[in-house]
*Asks:* 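One structure is given below, represented as structure tokens, and several questions about it will come after.
Worth knowing before you read on, the calculation uses all heavy atoms, side chains too, and leaves out hydrogens, waters and symmetry mates. Here is the naming used below: chain letters follow the sequence lines, and residue numbers restart at 1 for every chain.
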Amino acid sequence: MLLLLDSLCSESVRRKVMETGKITPQAEDFPSWYQDVVREGDLAEVAKIVKGCMVIKPHGYAIWEKIQADLDRRFKETGHKNAYFPLLIPMSFIHKEAEHVEGFAPEIAVVTHAGGKELPKDEQYCIRPTSETIIGHFFSKWIDSYRDLPMLINQWANVMRWEMHTRMFLRTTEFLWQEGHTAHSSHEEAKEEVTRMLNVYGDFAEEVMAMPVIRGIKSDSEKFAGALQTQCIEAMMRDGKALQAGTSHDLGQNFGKAFDVKFQSEKGREEYVWQTSWGVSTRLVGGLIMTHSDDSGLILPPRLAPVQAVIVPIARKPKEKELVIPVVDKLAADLKAAGVAVKVDDREGKRPGEKYYEWERKGVPLRIELGPRDVTSGEAMTKLRVADDKVKMKIDDLAADVPGILDTFQQTLLRRALDFRKENTVTVDSWSDFKDVFADGASKFVWCHWDGTKETEAKIKEETKVTIRCIPLPGQGPAPEDGKCIYSGNPSNQRVLMSKAY
RNA sequence: CGGGGUGUAGCGCAGUCUGGUAGCGCGCCAGCUUUGGGAGCUGGAUGUCGAAGGUUCGAAUCCUUUCGCCCCGACCA
């Protein structure tokens with residue numbers, strides 16, 4: 001009964017929200033809050049005409065472009081080159097690696113008709129869910145000797161996975177990502193690559209997205225289909241759940257053997273290459289939202305904000321405009337020269353208050369209000385996206401000060417996120433405490449002992465919906481110590497990170 | 001694939017039981033007044049009522065068929 005009332009209640013709130021263009025409070029209904037932030041931030045909308053797909057709108061895509069630009073630079077700095085492989089992959093390729101096909105078969109879309117006729121079974125294509133197979137095929141053509149190694153390739157692309165439940169940015173049928181694919185002459189070197197790229201992701205998440213992550217290793221049941229090992233970065237969302245924000249895989253020689261990717265070693269022996277693959281996707285945008293945003297909408301870290309500062313001129317009468325506009329234009333030019341992405345919102349017909357709300361919903365870090373009074377006093381009203389109060393600042397100082405203010409804001413967001421994670425991370429040693437943490441749909445990050453078996457992992461998931469997010473890499477969690485498995489009581493030598501997950 | 005719901009203007013919905021001129025709120029457009037935290041008034045535009053067939057003088061409304069979407073299961077990460 002309570003549940004029924006609850007759902008009716010939130011439905012009526014929801015209607016109100018749709019009518020007024022406002023945002024459901026996070027504490028009231030987290031999933032609705034998320035949807036509202038995406039909509040009101042003008043980031044994306046559900047395509048509807050194409051099941052499970054989304055349209056990324058200009059503001060959302062601009063954020064993705066900033067993510068792309070920074071990551072692309074990091075990939076190139078670590079020696080990788082971009083390339084592009086076909087969207088369609090022969091069905092037969094998918095079947096060549098046993099675990100791979102088992103993992104992906106259920107979510108593959110197949111092209112069965114083309115050129116006005118049905119394709120024979122052995123000529124059908126699937127739309128790539130990932131590109132290990134087709135890239136394996138080409139690697140086998142491109143690699144002859146150890147002199148061709150390492151082969152370091154990255155692809156920016158779209159992929160398709162037929163998902164049953166979709167959520168904007170977090171899980172959609174089609175999504176955008178990058179997939180790095182490398183081939184090496186030794187397992188040692190491949191493993192170094194896996195860790196190197198995981199750290200690229202981790203550094204990017206923390207430095208640019210202000211999203212702290214825990215770097216670790218996936219349990220066997222959570223690893224990539226066809227990999228020896230999957231490393232990951234896991235971030236805490238504001239509902240205490242974990243988001244897998246990036247993965248880096250040690251593929252061993254599995255795909256090398258399946259696609260006959262061989263090279264002649266220095267000693268003249270024919271050997272299979274050791275491969276890696278690694279990727280992050282538009283899911284990062286979802287992580288960005290659920291790390292920083294609040295009940296007023298999106299909050300963007302300056303380093304990813306398409307607009308870092310917005311100036312709202314307040315001028316109504318022609319005389320006021322004459323006074324205000326030149327000052328606004330000069331300030332905008334000075335800020336631009338100082339490297340700030342600035343936008344002047346001089347739209348007619350909208351009142352300042354409405355503009356304030358709009359830019360807050362869109363996550364702009366800094367707002368500058370400039371009207372006749374400010375021109376006279378030489379001071380403008382400024383407001384940071386997370387501040388409670390407006391602050392008066394000297395107009396002439398803004399161009400010099402704003403870059404530093406934005407930098408501090410970036411650090412503030414990271415600090416807030418770190419604090420939040422700390423407050424919601426616990427060490428647990430008993431099964432009843434464990435269940436308490438996750439009771440009533442709640443979630444936190446829990447460090448606890450696990451006996452390392454698939455059976456225990458499955459039981460825990462079955463009873464609590466909690467999964468092993470990762471086994472922490474050195475320095476990413478509590479130091480290794482002997483203990484007893486939270487569920488089975490069997491011996492364990494390290495705590496693992498457990499949480500509910502997206 | 002099972003159980004439940006739903007489809008009417010860009011969005012959110014009423015109207016369907018009991019057949020009779022297609023409605024409301026928000027948004028949009030125009031004009032005037034407004035403008036330092038979501039403006040007010042006046043006027044205006046917008047619909048194959050999901051689709052097909054049937055009953056009827058007449059169908060958003062009744063009947064049949066069909067398609068899409070949502071929620072809960074199942075499946076998946």
*Asks:* Rounded off to whole Å, could you give me the CD-to-C1' distance for the A:Glu354 and B:rC28 pair?
*Replies:*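 For the pair A:Glu354 CD and B:rC28 C1', the rounded distance is 13 Å.
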
*Asks:* Which part of the nucleic acid, if any, lies within reach of A:Lys223 when heavy atoms closer than 4.0 Å are counted: base, sugar-phosphate only, or nothing?
*Replies:*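 No contact.
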
*Asks:* Any donor-acceptor pair under 3.5 Å linking the side chain of A:Arg283 with the backbone of A:Leu170?
*Replies:*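 Yes, the answer is positive, given that a donor and an acceptor are paired below the 3.5 Å cut-off.
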
*Asks:* For B:rG7 versus B:rG15, give the span between their P atoms, rounded off to a whole number of Å.
*Replies:* 10 Å

*Asks:* Would A:Glu360 and A:Arg385 count as a salt bridge (charged side-chain N to carboxylate O under 4.0 Å, His left out) if you check the C-alpha gap in whole Å, the side-chain angles of each, and the deciding distance to 0.1 Å?
*Replies:* CA-CA 7 Å; A:Glu360 274 170 17; A:Arg385 179 59 181 78; 5.6 Å; no

*Asks:* Does OP1 or OP2 of B:rG36 have a side-chain N or O of A:Arg351 closer than 4.0 Å?
*Replies:* yes

*Asks:* Taking only distance into account, with no hydrogens and no angle test, what donor-acceptor pairs under 3.5 Å do side-chain atoms of residues 90-105 of chain A form with protein atoms, sequence neighbours excluded?
*Replies:*
| unit_1 | atom_1 | unit_2 | atom_2 | d |
| --- | --- | --- | --- | --- |
| A:Glu97 | OE1 | A:Glu99 | N | 3.1 |
| A:Glu97 | OE1 | A:His100 | N | 2.9 |
| A:His100 | ND1 | A:Ala225 | O | 3.1 |

*Asks:* From NZ of A:Lys350 over to C1' of B:rC29, roughly how many Å is that when rounded to an integer?
*Replies:*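 My rounded result for the distance is 13 Å.
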
*Asks:* Any donor-acceptor pair under 3.5 Å linking the side chain of A:Glu354 with the backbone of A:Lys350?
*Replies:* no

*Asks:* For B:rG5 versus B:rC62, give the span between their P atoms, rounded off to a whole number of Å.
*Replies:* 15 Å

*Asks:* Can you tell me how far P in B:rC71 sits from the matching atom in B:rG31, rounded to whole Å?
*Replies:*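 To the nearest whole Å, 43 Å.
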
*Asks:* Using side chain to side chain contact (heavy atoms under 4.5 Å, CB included) as the criterion, list what pairs up with A:Lys390, not counting sequence neighbours.
*Replies:*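 A:Tyr356, A:Arg367, A:Glu369, A:Met381, A:Lys383.
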
*Asks:* Side chain of A:Arg316, heavy atoms from C-beta onward: which of B:rG36, B:rU34, B:rC28 has the nearest atom to it?
*Replies:*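 Of the options given, the side chain of A:Arg316 lies nearest B:rU34.
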
*Asks:* On a whole-Å scale, what distance lies between the C1' atoms belonging to B:rU16 and B:rA60?
*Replies:* 7 Å

*Asks:* Counting heavy atoms from C-beta on, name the nucleotide in B:rC76, B:rG37, B:rG36 closest to the side chain of A:Asp374.
*Replies:*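 So the side chain of A:Asp374 is nearest to B:rG36.
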
*Asks:* Can you tell me the base-pairing partner of B:rA59? Count Watson-Crick or G-U wobble geometry only, both distances below 3.5 Å, and say none if there is no partner.
*Replies:* none

*Asks:* What nucleic acid atoms does A:Arg373 come within less than 4.0 Å of, heavy atoms only: base, sugar-phosphate, or nothing?
*Replies:* base

*Asks:* Return the orientation label for the A:Phe259 and A:Phe255 ring planes: parallel under 30°, perpendicular over 60°, tilted otherwise.
*Replies:* parallel

*Asks:* Which nucleotide, in any strand shown, forms a Watson-Crick or G-U wobble pair with B:rU64, with both distances under 3.5 Å?
*Replies:*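 Result: B:rA52.
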
*Asks:* On a whole-Å scale, what distance lies between the P atoms belonging to B:rU65 and B:rC28?
*Replies:*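 Looking at atom P only, B:rU65 and B:rC28 are 44 Å apart.
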
*Asks:* With a 3.5 Å limit on both atom pairs, tell me what B:rC1 is paired to, counting Watson-Crick and G-U wobble, or say none.
*Replies:* B:rG73

*Asks:* Nearest whole angstrom, please: distance from the C1' of B:rG10 to the NZ of A:Lys57.
*Replies:* 11 Å

*Asks:* In whole Å, I'd like the distance from the OH atom of A:Tyr357 to the C1' atom of B:rU35.
*Replies:* 15 Å

*Asks:* B:rG12 C1' sits how many Å from A:Glu40 CD, rounded?
*Replies:*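 Taking atom C1' of B:rG12 as the reference, CD of A:Glu40 is at 13 Å.
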
*Asks:* Figure out the CZ/C1' separation between A:Arg167 and B:rC71, and round it to whole Å.
*Replies:*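 About 14 Å, once rounded to whole Å.
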
*Asks:* Return the pairing partner of B:rC24 with a 3.5 Å limit on both distances, Watson-Crick or G-U wobble; otherwise return none.
*Replies:* B:rG12

*Asks:* Determine whether a donor-acceptor pair (one donor, one acceptor, N or O, separation below 3.5 Å) exists between the side chain of A:Glu360 and the base of B:rG37.
*Replies:* yes

*Asks:* Could you give the distance separating B:rU6 and B:rA39 at their P atoms, to the nearest angstrom?
*Replies:*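 After rounding to an integer number of Å, I get 36 Å for this pair.
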
*Asks:* Look at the rings of A:Phe224 and A:His249 and say which category their plane angle falls in: under 30° parallel, 30 to 60° tilted, over 60° perpendicular.
*Replies:*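 Parallel: the ring planes of A:Phe224 and A:His249 meet at under 30°.
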
*Asks:* Under 3.5 Å, is there an N or O donor on one side and an acceptor on the other linking the side chain of A:Arg367 and the base of B:rG37?
*Replies:*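 Yes.
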
*Asks:* Quick one: does any side-chain atom of A:Ser499 pair with a main-chain N or O of A:Phe445 as donor and acceptor, under 3.5 Å?
*Replies:*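 Answer holds: no.
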
*Asks:* With RNA chain B as reference, determine whether A:Glu222 or A:Thr166 sits nearer its 5' end, using the nearest nucleotide of each.
*Replies:* A:Thr166

*Asks:* Between the base of B:rG37 and the side chain of A:Lys390, is there any donor-acceptor pair under 3.5 Å?
*Replies:* yes

*Asks:* Check whether A:Lys218 reaches the backbone of A:Arg469 with its side chain - one donor and one acceptor, N or O, closer than 3.5 Å.
*Replies:* yes

*Asks:* Between atom CD in A:Glu320 and atom C1' in B:rG36, what is the gap in whole Å?
*Replies:* 11 Å

*Asks:* Which one, B:rG36, B:rC28, B:rA77, comes nearest to the side chain of A:Arg171?
*Replies:* B:rA77

*Asks:* Quick test: give all pairs of protein nitrogen or oxygen and nucleotides 1-5 of chain B nitrogen or oxygen below 3.5 Å, distance rounded to 0.1 Å.
*Replies:*
none

*Asks:* Reading RNA chain B from 5' onward, which residue's closest nucleotide shows up sooner: A:Val375 or A:Lys461?
*Replies:* A:Val375

*Asks:* For the P atoms, the ones on B:rA77 and on B:rU64, what distance do you get once it is rounded to whole angstrom?
*Replies:* 42 Å

*Asks:* Counting the atoms with a prime plus P, OP1 and OP2 as sugar-phosphate, which does A:Glu369 contact under 4.0 Å by heavy atoms, base, sugar-phosphate, or nothing?
*Replies:* base

*Asks:* May I ask which nucleotide in the shown strands pairs with B:rG31, Watson-Crick or G-U wobble, both distances under 3.5 Å?
*Replies:*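 Across any shown strand, B:rG31 pairs with B:rC41.
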
*Asks:* B:rA74, B:rG37, B:rG36: which one has an atom nearest the side-chain heavy atoms of A:His165?
*Replies:*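 Nearest listed nucleotide: B:rA74.
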
*Asks:* Tell me whether the rings of A:Trp431 and A:Phe434 are parallel (<30°), tilted (30 to 60°) or perpendicular (>60°).
*Replies:* parallel

*Asks:* For nucleotides B:rC70 and B:rU33, find the distance between their C1' atoms and express it as a whole number of Å.
*Replies:* 44 Å

